[in-house]
Amino acid sequence: IPSMSGTIFRLYRINFVDREHLFDKPVVTDADILSVFTAAANQRHDVSRSRKRHGFRWSIRDIVSDKIYEIDRAYISGSFSHETTYRTGPIVQPEGVTYGTSEISPPMAIPVRFFIDLARHIIAFEDVPSIMQQKTGWQNAFQLILSSAAHNSGFTSRVNLEPIAPQQLIEQQISTFESVTRLRLTLRIPNPDLGPTFKKLFDEMKESGIRELTEDMRSERGLAMEPNSIPRMSINMAISGYRKGNVQVYGRRNGRQDKFTIADDIARIDLRELRSYVEGMEVVSSKASERKLLAAIISRIDETLGRRLESNDHDEG
């Protein structure tokens, strides 16, 4: 596998959003997900863009599907790359300096490794600063590649990534309110990560055929925020990535009305303490290195979402 520049990963939920179509074939099973990612690793689905001074291309490659048998967790791994294909500017010619376009063939790539925990439908992206922090269009490009691959594979679902919010940060924000008086959000349910605090709401939506549920809950006396209450279950689903857009939380803080928004805050997992071990393993076996890293990522995902997922907690399809 390509070497990794870091050991900090961003966590996103993979949501499959149904398109309206006469013949429905949604992405449902793990096999469907793998077929979409496998199809996406083809240059026909690459996303190319042209700007005034340069051109670039996004691509998905190196798709591998396997299982960590010690913990019975299936995964998909791959690479998502950004390539600069040409630049326009001063070019040195034998006769002097001219202004023109320099094509780069083959172009140099900046790869981002990603891993998908199929038990949770969570994708962990290597946090490469030159891509994740400087290229604002990376998420749209990733979604477009996968949606194009799904469409060309005959599926009627498109792919949407929602950031998993840092749970401790959200809990700290909520704890500063004397009471939560209003909650506005839209929930999605395409994927199975049935935490105990929102399993009931998830199941009720699924049984009713509800794919999106927009809620605007209000109570001047304060919404019930106990673990099994509808407001708490809704927030837990939303911060776990089962949402569309932002979440607005209103309440009373220090005797005054206030609010905060759950938007682009992203949960991260930090594996820097494993860096020297993983780099040493790569010399011996890149496959062993990947498995070690992936087991650590899955463990941290379980910790981040507040529970350890058992192998029989989801439908493998």
Side-chain angles (χ1 to χ4, degrees), residues 1-14 30 33-34 37 41 60-82 109-135 138-139 142 161-172 191 193 195 239-241 264-311 313-314:
I1 64 173
S3 62
M4 288 170 291
S5 61
T7 45
I8 297 176
F9 290 81
R10 297 182 176 204
L11 300 182
Y12 291 79
R13 174 78 59 188
I14 304 175
D30 289 355
I33 297 172
L34 177 59
F37 274 85
I60 291 176
R61 296 290 190 274
D62 306 317
I63 296 299
V64 173
S65 175
D66 207 338
K67 177 182 283 190
I68 302 175
Y69 292 94
E70 294 83 358
I71 57 175
D72 192 26
R73 294 285 274 271
Y75 70 88
I76 297 172
S77 65
S79 63
F80 176 54
S81 299
H82 178 273
I110 302 175
V112 174
R113 293 295 294 171
F114 64 83
F115 302 95
I116 301 167
D117 178 5
L118 285 172
R120 291 190 182 273
H121 294 187
I122 288 176
I123 185 166
F125 286 97
E126 182 187 10
D127 196 353
V128 178
S130 59
I131 297 296
M132 313 301 282
Q133 298 174 26
Q134 297 180 22
K135 308 295 183 185
W138 75 265
Q139 184 173 332
F142 192 84
L161 300 182
E162 287 291 347
I164 293 177
Q167 187 170 3
Q168 287 186 340
L169 178 63
I170 304 305
E171 293 292 342
Q172 288 172 3
N191 301 314
D193 184 7
I239 66 177
S240 295
D264 298 326
D265 296 315
I266 303 170
R268 290 172 170 83
I269 52 179
D270 189 343
L271 303 176
R272 281 177 292 188
E273 73 276 12
L274 289 178
R275 185 182 180 92
S276 59
Y277 181 91
V278 171
E279 288 176 345
M281 291 287 287
E282 287 178 350
V283 176
V284 180
S285 169
S286 61
K287 191 68 174 178
S289 173
E290 181 175 274
R291 286 180 178 275
K292 173 67 177 179
L293 182 66
L294 209 14
I297 289 174
I298 288 173
S299 176
R300 294 297 172 81
I301 287 173
D302 288 342
E303 292 172 8
T304 299
L305 296 188
R307 71 189 186 102
R308 189 165 296 278
L309 189 74
E310 302 297 334
S311 60
D313 275 358
H314 73 287

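Note that this is a predicted model, so its numbers are computed, not measured. Basis for what follows: all heavy atoms, side chains included, without hydrogens, waters or symmetry-related copies. When a residue number appears, it is its place in the shown sequence, counting from 1.
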Checklist entry - Which heavy atom in Glu126 sits nearest to a heavy atom in Val112, and how many Å separate them? => result O-CG1, 3.2 Å

Next on the checklist: Could you measure the distance from the CD1 atom of Ile76 to the CG atom of Asp30? Nearest 0.5 Å is fine.
Outcome noted: 7.5 Å

Next on the checklist: Using 0.5 Å steps for rounding, measure from the CH2 atom of Trp138 to the CZ atom of Phe125.
Outcome noted: 4.5 Å

Item to check | Nearest heavy-atom neighbours spanning Ala124 and Leu11 | outcome: CB-CD2, 3.8 Å

Item to check | Euclidean distance, Ser79 OG relative to Ile60 CD1, rounded to 0.5 Å | outcome: 8.5 Å

Item to check | Min side-chain heavy-atom separation Ile297-Tyr75 under 4.5 Å | outcome: no

Item to check | By side chain to side chain contact (heavy atoms under 4.5 Å, CB included) - contacts of Ile110 (at least two apart) | outcome: Val128, Ser130, Ile131

Item to check | Lys/Arg N to Asp/Glu carboxylate O, Arg120 vs Asp302, below 4.0 Å | outcome: yes

Next on the checklist: Nearest 0.5 Å, please: how far is CD in Glu162 from CD1 in Ile266?
Outcome noted: 10.5 Å

Checklist outcome for this item: dist Ile116:CD1 -> Ile63:CD1 (nearest 0.5 Å) comes out at 6.5 Å

Next on the checklist: Is any side-chain heavy atom of Ile33 closer than 4.5 Å to one of His121?
Outcome noted: yes

Checklist entry - Out of curiosity, Ser299 OG to Ile71 CD1, how far, rounded to the nearest 0.5 Å? => result 8.0 Å

Next on the checklist: Can you confirm whether more than 12 heavy atoms, excluding those of Gln168, are under 6.0 Å from its CD atom?
Outcome noted: no

Next on the checklist: Using the side chain to side chain contact (heavy atoms under 4.5 Å, CB included) criterion, which residues pair with Gln139? Sequence neighbours excluded.
Outcome noted: Tyr12, Gln143, Leu161

Next on the checklist: Quick check: do Ile123 and Phe142 have side-chain heavy atoms less than 4.5 Å from each other?
Outcome noted: yes

Next on the checklist: Donor-acceptor pair, distance only, cut-off 3.5 Å: does the side chain of Arg13 make one with the backbone of Ser240?
Outcome noted: yes

Checklist entry - Is there side-chain contact between Arg73 and Leu118, with at least one heavy-atom pair below 4.5 Å? => result no

Checklist entry - Should the ring pair Phe37 and Phe114 be called parallel, tilted or perpendicular, given that the plane angle runs from 0 to 90° and is split at 30 and 60? => result tilted

Next on the checklist: Could you report the tightest heavy-atom contact between Leu34 and Ser65, atom names first, then the distance?
Outcome noted: CD1-CB, 3.6 Å

Next on the checklist: Ignoring hydrogens, what is the shortest heavy-atom contact between Met132 and Arg10? Give both atom names and the distance.
Outcome noted: O-NH2, 3.6 Å

Next on the checklist: As a quick check of understanding, evaluate side-chain contact (heavy atoms from CB on, under 4.5 Å) for Phe115 and Ile301, giving each step before the final call.
Outcome noted: CA-CA 11 Å; Phe115 302 95; Ile301 287 173; over 6 Å; no

